[in-house]
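As the structure is a prediction and not an experimental result, all values here were calculated from the model. Letters A, B, ... mirror the listed sequences (proteins, then strands); counts begin at 1.
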Amino acid sequence: MIFSKTLIAWYSNNKRDLPWRKTIAPYYIWLSEIILQQTQVKQGLPYYERFVRDYPTVFDLANAPESAVLKLWQGLGYYSRARNLHATAQYIAHELNGCFPNNYTDLLKLKGVGDYTASAIASICFNEVTAVVDGNVYRVLSRYFGVDTPINSPKGAKAFKQLAQTLIDKARPAEFNQAIMEFGAIQCRPKNPDCESCPFAKGCVAFNTQAIAVLPVKIKSAKPKKKHFNFLVLISKNHKTLLEKRKGKGIWQNLYQFPLIETKKDLDYNAFKDLVDDHSAVKGKSFELSLYNEVLVVHKLSHQHLYTRFWIVTTDDEVENAIPISTVKDYAVPILIGNFLEVFNF
DNA sequence: AAGACGGGGGT
DNA sequence: ACCCCAGTCTT
């Protein structure tokens with residue numbers, strides 16, 4: 001109880017003014033929580049503003065084509081969030097008459113809503129006493145209580161959820177949940193936390209045992225895999241180019257890209273030219289190939305490093321399924337492609 | 001239990 | 001180079 005008292009007092013003095021704190025409407029809270037998954041407030045904020053502007057109700061979001069939702073999500077990453085967001089909006093609009101589930105258990109059944117998000121919505125919108133556990137909460141609790149169970153293990157997830165649940169203010173679950181996250185983001189930061197002015201310093205195990213730097217404990221993840229991407233930037237008759245929609249299970253599902261040739265290693269011009277000769281886009285056509293970037297573009301994701309070259313393919317022939325270059329901007333593309341489009345003078 | 005899934009920012 | 005971010009889903 002003293003913990004939550006101190007925490008909520010800190011929160012009332014230090015909380016940021018954020019748009020989703022001015023409402024408890026489930027649609028807006030849900031939207032903000034999905035956007036903020038694995039995403040810092042600073043990065044997510046402009047996306048939230050644009051989604052609220054373009055889709056003011058869950059019906060507006062449900063009635064939009066997925067392509068438009070992905071376009072608005074472009075650059076935010078983890079695109080399954082956008083696909084699930086859209087699917088869930090359709091489910092709520094069409095199956096539930098626009099009414100969100102009003103408790104943790106039912107919220108948890110929604111696509112893209114896991115333990116954290118279900119707890120956040122249930123507490124903020126419906127005052128349900130269910131504790132959120134996100135990266136901030138792991139950090140605050142592991143340090144204050146000196147818990148060294150790895151946070152990214154099933155055991156850790158269970159232990160920290162349980163601990164948070166014992167601490168939550170049963171009279172003000174929404175305040176408590178938002179307070180502990182805000183405290184982790186602003187005061188109990190990963191690096192250089194502000195322990196000097198921290199109201200919890202006296203009772204903080206990590207602070208009193210010089211363990212701030214080693215908590216929370218996290219199991220190391222595998223090193224990113226290296227891949228070689230070669231994009232064919234076609235420029236054909238009548239100022240057209242070719243985009244393909246990514247399908248299957250991998251990254252950037254349902255986003256668009258230039259025709260891709262993935263290779264095991266970096267190829268020189270002649271070796272790559274042989275591959276292009278066999279590519280369906282230009283098979284049997286006369287074309288000219290030139291390398292756009294002598295220096296590899298390295299695009300780093302959390303689980304893979306993409307070593308990328310853009311190849312310009314010009315032809316005077318007609319190309320099947322080519323689209324006007326002026327319409328490329330309307331497609332949702334990975335930021336790797338988006339960056340290229342910004343500097344390339346089509 | 002371990003990977004896959006993005007992109008930006010901090011140290 | 002490595003870590004983290006208002007995590008979730010699949011294998």
Side-chain angles (χ1 to χ4, degrees), chain A residues 11 15-16 18-21 29-48 70 73-85 87-88 107-121 123-124 131-140 150-158 160-161 164 174 176-186 188-193 213-225 227 246 248-255 298-306 332-339:
Chain A
Y11 183 57
K15 67 176 171 184
R16 290 167 287 184
L18 298 170
W20 47 84
R21 293 200 172 136
I29 299 303
W30 166 68
L31 186 56
S32 71
E33 293 300 345
I34 301 298
I35 287 174
L36 292 172
Q37 288 169 3
Q38 290 294 285
T39 304
Q40 295 195 333
V41 167
K42 186 181 175 187
Q43 189 190 2
L45 185 52
Y47 286 84
Y48 175 82
L70 284 171
W73 198 272
Q74 181 178 309
L76 199 52
Y78 286 157
Y79 296 92
S80 66
R81 289 184 293 169
R83 298 189 301 268
N84 287 333
L85 185 81
T88 295
L107 285 162
L108 195 54
K109 296 172 184 163
L110 301 175
K111 274 189 186 176
V113 174
D115 178 81
Y116 163 77
T117 305
S119 298
I121 300 172
S123 62
I124 294 170
V132 296
V133 182
D134 72 336
N136 294 304
V137 177
Y138 280 126
R139 189 166 55 254
V140 171
I151 60 174
N152 55 344
S153 66
K155 192 177 168 187
K158 193 178 170 190
F160 282 97
K161 175 81 181 183
F176 178 91
N177 277 341
Q178 293 177 86
I180 193 168
M181 291 190 283
E182 189 79 338
F183 179 76
I186 292 180
C188 195
R189 299 178 295 256
K191 306 284 181 188
N192 307 319
V214 301
L215 290 176
V217 172
K218 196 171 186 178
I219 299 164
K220 301 246 185 286
S221 52
K223 296 211 168 173
K225 290 169 178 146
K227 293 191 170 187
R246 287 190 66 99
K249 307 201 133 185
I251 56 171
W252 304 328
Q253 191 185 5
N254 294 3
L255 274 69
V298 184
H299 188 66
K300 295 183 175 182
L301 309 177
S302 50
H303 58 300
Q304 31 184 309
H305 289 180
L306 309 178
V333 298
I335 215 64
L336 174 59
I337 303 289
N339 289 340

- Item | Partner residues of Gln178(A) under the side-chain hydrogen bond (donor to acceptor under 3.5 Å, both in side chains) criterion, sequence neighbours left out | none
- Query: According to a 3.5 Å limit on both distances, what stems of 3 or more consecutive Watson-Crick or G-U pairs are formed with DNA chain B?
  - Reply: B:1-5 with C:7-11, B:7-11 with C:1-5
- Message: Listing request: all salt bridge (Lys or Arg N to Asp or Glu O under 4.0 Å) pairs with a residue in residues 112-121 of chain A, at least two apart in sequence or in separate chains.
- Response: Asp115(A)-Lys161(A)
- Note on the structure: For nucleotides 4-11 of chain C, 5' to 3', base contacts (B), sugar-phosphate-only contacts (S) and non-contacts (-) with protein non-hydrogen atoms under 4.0 Å give SBBBSS-S
- For dG3(B) and dC3(C), measure between their P atoms and round to the nearest Å. 15 Å
- Message: For Trp73(A) and Leu85(A): C-alpha separation, side-chain torsions, deciding distance, then whether side-chain contact (heavy atoms from CB on, under 4.5 Å) applies.
- Response: CA-CA 10 Å; Trp73(A) 198 272; Leu85(A) 185 81; 4.1 Å; yes
- Inspect the contact between Glu33(A) and Arg81(A) and indicate whether a charged nitrogen and a carboxylate oxygen are less than 4.0 angstrom apart. no
- Ring-ring centroid check Trp20(A) Tyr48(A), cutoff 6.0 Å: yes
- Message: If we ignore hydrogens and angles and just use 3.5 Å, is the side chain of Arg189(A) paired with the main-chain N or O of Ile186(A) as donor and acceptor?
- Response: yes
- Task: Determine the interplanar angle of the Phe160(A) and Tyr138(A) rings, folded into 0 to 90°, and report it as parallel if under 30°, tilted if 30 to 60°, perpendicular if over 60°.
- Result: perpendicular
- With no hydrogens and no angle check, do the side chains of Tyr79(A) and Gln74(A) hold a donor and an acceptor under 3.5 Å apart? no
- Task: Would you kindly compare Lys300(A) and Lys220(A) by the position of their nearest DNA chain B nucleotide and give the one closer to the 5′ end?
- Result: Lys220(A)
- Using a heavy-atom cut-off of under 4.0 Å over every strand shown, decide if Asn192(A) touches base, sugar-phosphate, or nothing. sugar-phosphate
- Under 4.5 Å between any side-chain heavy atoms of Leu70(A) and Asn254(A), yes or no? yes
- Message: Under the rule for salt bridge (charged side-chain N to carboxylate O under 4.0 Å, His left out), what residues qualify as partners of Lys109(A), not counting sequence neighbours?
- Response: Asp106(A)
- P-based separation of dT8(C) from dG8(B) [nearest Å]: 22 Å
- May I ask you to say what Leu76(A) touches in the nucleic acid, namely base, sugar-phosphate or nothing, with a heavy-atom cut-off under 4.0 Å? base
- Message: When you compare the side chains of Thr117(A) and Gln37(A), does any donor N or O come within less than 3.5 Å of an acceptor on the partner?
- Response: yes
- Query: From the 5' end of DNA chain B to its 3' end, which nucleotides mark the outer limits of contact with chain A, defined by a 4.0 Å heavy-atom distance cut-off (strictly under)?
  - Reply: dA1(B) to dT11(B)
- Task: Can you tell me, in whole Å, how much space there is between the P of dA4(B) and that of dA6(C)?
- Result: 24 Å
